[in-house]
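Written out below as structure tokens is the structure these notes cover.
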2 protein chains.
Amino acid sequence: MITEERYSFILEQLNESGIVKANELMVSLNCSESTIRRDLAQLEKSGALVRIHGGAKKNYQLDKEMSYNEKTIKNIQGKNSIGKYAASLIINNDVIYMDAGTTTMAMISNIKADYITVVTNGILHASLLADKNINTIQLGGKVKNTTKAIIGATSIEELKNYRFTKAFLGINGIDVSYGCTTPDPEEAALKKLAHEHSAVTYVLADESKWDKVSFAKVCRLEEVKIITDSPLKNLKYYQEKTTILEA
Amino acid sequence: MITEERYSFILEQLNESGIVKANELMVSLNCSESTIRRDLAQLEKSGALVRIHGGAKKNYQLDKEMSYNEKTIKNIQGKNSIGKYAASLIINNDVIYMDAGTTTMAMISNIKADYITVVTNGILHASLLADKNINTIQLGGKVKNTTKAIIGATSIEELKNYRFTKAFLGINGIDVSYGCTTPDPEEAALKKLAHEHSAVTYVLADESKWDKVSFAKVCRLEEVKIITDSPLKNLKYYQEKTTILEA
DNA sequence: GAATGTTTTTGATTGTTATTGGTTGTTTTT
DNA sequence: AAAAACAACCAATAACAATCAAAAACATTC
């Protein structure tokens, strides 16, 4: 058990339970008190956690004004935790639709199931999935140069041939009355079709997507489950209409 | 066990578990501590991993996972004279089929024409073309994990809908009597169809491809033009049958 | 194709540095 | 005040970089 392994174990624990106890870590990591203490000191120094008497807690920077960089980092971390949670829903023999976009991309490195099939319209997604040696099917069609997503009639036609056990969609806006919306109508059409062909649809949305309305409608809130990372203020209005899973 | 074998084993391990330990590698690769240490130092230098005390960890953060691939791609880009020559044949308003593979990939950075459409079965190709803001159409279908090429029935069906002014194909073997051949029959079928749907077909072949015969036939020599970089010894036998363009 | 010299790769050795677990005595919690 | 958690130190150990000679792979010559 080397240093970095302990670090990642500690951070993982922390991410799950929000708090870690030194003596529990001693047992599960099978090392001395000194080592744990040093690890926690080091991780605190790097800003990954805050030490407390008996262990450490998550470094929650609540109502502080965040710098732009911190915000970006937070966003990425948020996406990562959403991705991790979403990936944990995947089980063997699933046939997945994975929408293009950075939020869904965060799922890929977290996928644990080893026998699944993934259909995607993201060419970067396909490449990463191939790296993981996952059974991947790429939708064909016009490449949208900015996002490297496949869109257009061909992709729609292809998608008609497939059925999914689970679909994971990114989204631009979520709103109580307007549902899930996205700026590009072609992308919206693809997302909508993927949703219709899937037994369950999960919409992945970090905090920046809530209470936003974009141009083209994808689906109503009632039809999908939403995975998010942030505690919403007006959560209850949404909960009346849909299932919200907090990562 | 040669160096490259160890490298790929290490990277494979790393990809699976995210972390490798020096002494475990010593055992599983059956070599000395020094060798492992040298390997890790080299792989770190090339940016494939990050060394830590006791081993190495993955170098990854979301899209950073692309970095190893990108490096490989960058290496290919521009360094190849065949790619440069092939790219110079492309003119505005062309509709191109670009086969997957490293040889054709070398074309992309050399493309000068600004209004063209490219259809490709290579997902890395599509990504690079999108970066250059070229009108790109990606064939859909099953992703071949090793080469990141699209193959299978879906891609064949899609390809039937397109016609090209020029097709650029990679190939594994060229032989006077057996013509152009490649190991994978599915890939061969796709190449063949692209060739049949194109006004002109160029086969890109570096010196390692000559006088080789692979399993599945793509086309006869008479049907295509061959772009190569190396001066052949037995050039004249080929020139009786086909056009050879020296880059 | 055997014999030669050259380059590359490898494993062992060296001394150096980083990590670890135990000890001490102090601070915090109950 | 007792128990738990803590920081600071130290010696043992593990991992490290640097170096060198043997071995392997390579190219060259006869």
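Chain letters run A, B, ... following the sequence lines, proteins first, then strands; residues in each count from 1.
- Under the rule for a salt bridge (Lys or Arg N to Asp or Glu O under 4.0 Å), the partners of B:Lys209 that lie at least two apart in sequence or sit in another chain are B:Asp206.
- The side-chain hydrogen bond (donor to acceptor under 3.5 Å, both in side chains) analysis of residues 179-195 of chain B, with sequence neighbours excluded, yields the pairs B:Asp99-B:Lys191, B:Lys144-B:Asp184, B:Lys144-B:Glu187, B:Asn172-B:Thr182, B:His195-B:Thr201, B:His195-B:Glu223.
- Residue A:Leu40 is out of contact with every strand shown, counting any heavy-atom pair closer than 4.0 Å.
- Heavy-atom contacts from other residues, nucleotides or ligands closer than 6.0 Å to CG of A:Asn92 number more than 12.
- Helix-axis bend for the helix from C:dG1-D:dC30 to C:dT30-D:dA1: the local axis fitted to the five terminal pairs at one end deviates from that at the other end by 40°, rounded to 10°.
- Evaluation of the side chain to side chain contact (heavy atoms under 4.5 Å, CB included) rule for B:Thr242 yields B:Leu221, B:Ile226, B:Ile244 as partners, not counting sequence neighbours.
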### Message
Treating primed atoms plus P, OP1 and OP2 as sugar-phosphate and everything else as base, which nucleotides of nucleotides 10-30 of chain C get B, S or - for protein heavy atoms under 4.0 Å?
### Response
BBB-----SSBBB------S-

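- Separating the CG atom in B:Leu129 from the CD1 atom in B:Ile134 is a distance of 5.0 Å, to the nearest 0.5 Å.
- Taking the salt bridge (Lys or Arg N to Asp or Glu O under 4.0 Å) definition, one finds that B:Asp131 meets it with A:Lys148, sequence neighbours left out.
- By the 30° and 60° cut-offs, the orientation of the rings of A:Phe168 relative to A:Tyr202 is parallel.
- Counting 5' to 3', DNA chain D first comes under 4.0 angstrom of a heavy atom of chain B and last does so at the ends given by D:dA15 to D:dA17.
- Shown here are the side chain to side chain contact (heavy atoms under 4.5 Å, CB included) partners of A:Glu240, two or more places apart in sequence or in another chain: there are none.
- The list of salt bridge (charged side-chain N to carboxylate O under 4.0 Å, His left out) pairs with a residue in residues 17-29 of chain B, not counting sequence neighbours, reads A:Glu5-B:Lys21, B:Lys21-B:Glu24.
- A:Asp94 meets the side chain to side chain contact (heavy atoms under 4.5 Å, CB included) test with A:Ile90, A:Ile91, A:Ile96, A:Ile116, A:Thr165, A:Lys166; sequence neighbours excluded.
- A:Asn110 places a side-chain N or O within 3.5 Å of a backbone atom of A:Ala106 that can act as its donor or acceptor partner.
- Residues from residues 18-29 of chain B lying near DNA chain C, meaning a heavy-atom separation below 4.0 Å, are absent.
- Not counting sequence neighbours, the partners of A:Thr243 by the side chain to side chain contact (heavy atoms under 4.5 Å, CB included) test are A:Lys225, A:Leu245.
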